[in-house]
Trainee: 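Dropping the structure in here first, questions after.
Residue numbers count from 1 along this sequence.
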Amino acid sequence: MSAIDIRHAHALPMDEARRSVEQVAGTLSERFGVTCDWQGDTLHFARSGVDGRIALEPNQLHVTASLGFLLSAMKGPIESEIRRVLLEKF
């Protein structure tokens, strides 16, 4: 099992940051077929082979994900894509 752990700074008000996280969730759903579910200020996402969350904090997002065996081989490209989307949205 491989893990992704990304902290990304932002300067958005919480409501605007939440809308941006929802846009990221939409992208994840479309591109990777994940299901998304808010629990407080944390967006949980999952599909076969991946289980993760995006914790929305003042001034920071914390993205964590556990990748199953098959997706572990793709950790680098997956992490790069997450970072690219975060830079684009935040």
Side-chain angles (χ1 to χ4, degrees):
M1 190 98 29
S2 189
I4 291 174
D5 189 342
I6 299 170
R7 293 185 184 272
H8 183 83
H10 73 83
L12 300 174
M14 287 294 278
D15 60 334
E16 192 174 331
R18 187 178 182 103
R19 283 193 298 274
S20 292
V21 170
E22 288 174 352
Q23 290 176 352
V24 170
T27 300
L28 289 172
S29 293
E30 289 174 18
R31 296 188 71 195
F32 304 109
V34 299
T35 58
C36 300
D37 162 42
W38 281 102
Q39 293 177 4
D41 285 333
T42 301
L43 179 80
H44 294 264
F45 58 91
R47 65 157 261 185
S48 178
V50 64
D51 182 35
R53 68 186 183 94
I54 303 172
L56 179 57
E57 303 166 5
N59 306 317
Q60 177 177 264
L61 296 173
H62 186 195
V63 180
T64 56
S66 296
L67 304 176
F69 178 72
L70 293 175
L71 290 178
S72 290
M74 299 291 295
K75 179 185 176 189
I78 291 169
E79 192 167 350
S80 293
E81 180 64 8
I82 291 169
R83 289 181 188 278
R84 186 192 68 74
V85 169
L86 290 174
L87 284 172
E88 180 181 295
K89 299 290 182 184
F90 294 89

Trainee: Can you measure from NE2 (H62) to CZ (R53) and round to the nearest 0.5 angstrom?
Mentor: 6.0 Å
Trainee: Quick one: pull up CG in L87 and NE2 in H8 and give me the separation to the nearest 0.5 Å.
Mentor: 5.0 Å
Trainee: I need the L61 CG to R7 CZ distance, nearest 0.5 Å.
Mentor: 11.0 Å
Trainee: Under the side-chain contact (heavy atoms from CB on, under 4.5 Å) test, which residues partner S2, sequence neighbours left out?
Mentor: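 S2 satisfies side-chain contact (heavy atoms from CB on, under 4.5 Å) with L67, S72, K75 only.
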Trainee: Among T35, I54, V24, exactly one meets side chain to side chain contact (heavy atoms under 4.5 Å, CB included) together with F45. Which residue is that?
Mentor: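 Option passing the side chain to side chain contact (heavy atoms under 4.5 Å, CB included) with F45: I54.
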Trainee: What distance do I4 atom CD1 and I82 atom CD1 have between them, rounded to the nearest 0.5 Å?
Mentor: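 If we round to the nearest 0.5 Å, I4:CD1 and I82:CD1 are 4.5 Å apart.
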Trainee: Looking at residues at least two apart in the chain, or sitting in another chain, which of them share a salt bridge (charged side-chain N to carboxylate O under 4.0 Å, His left out) with D15?
Mentor: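 Per chain and number, D15 pairs via salt bridge (charged side-chain N to carboxylate O under 4.0 Å, His left out) with R19.
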Trainee: If hydrophobic residues (ILVMFWY) are linked whenever their side-chain heavy atoms come closer than 4.5 Å, directly or via other members, who joins F69 in its cluster?
Mentor: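 Once heavy-atom contacts under 4.5 Å are chained together, F69 belongs with L70.
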Trainee: Residues in side-chain contact (heavy atoms from CB on, under 4.5 Å) with D41, at least two apart?
Mentor: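 M14, R18, L56.
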Trainee: Of all the heavy-atom pairs spanning S20 and L12, show the shortest one and how long it is.
Mentor: OG-CD1, 4.0 Å
Trainee: Please check this pair: side chain of S29 against backbone of V34, looking for a donor-acceptor N/O pair closer than 3.5 Å.
Mentor: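 Flag set: sc S29 to bb V34 pair under 3.5 Å.
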Trainee: Please give me the minimum heavy-atom distance between G33 and R47, naming the atom from each residue.
Mentor: O-CB, 3.8 Å
Trainee: Apply side chain to side chain donor-acceptor pair (under 3.5 Å) to H44 and list each qualifying residue two or more places apart in sequence or on a separate chain.
Mentor: Q39
Trainee: Which pair of heavy atoms, one from I78 and one from L71, lies closest together, and at what distance?
Mentor: CD1-O, 4.1 Å
Trainee: For the CZ atom of F90 and the CD atom of Q23, what is their distance to the nearest 0.5 Å?
Mentor: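 Answer rounded to 0.5 Å: 8.5 Å.
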Trainee: For R84, what residues pass the salt bridge (charged side-chain N to carboxylate O under 4.0 Å, His left out) criterion, not counting sequence neighbours?
Mentor: E81, E88
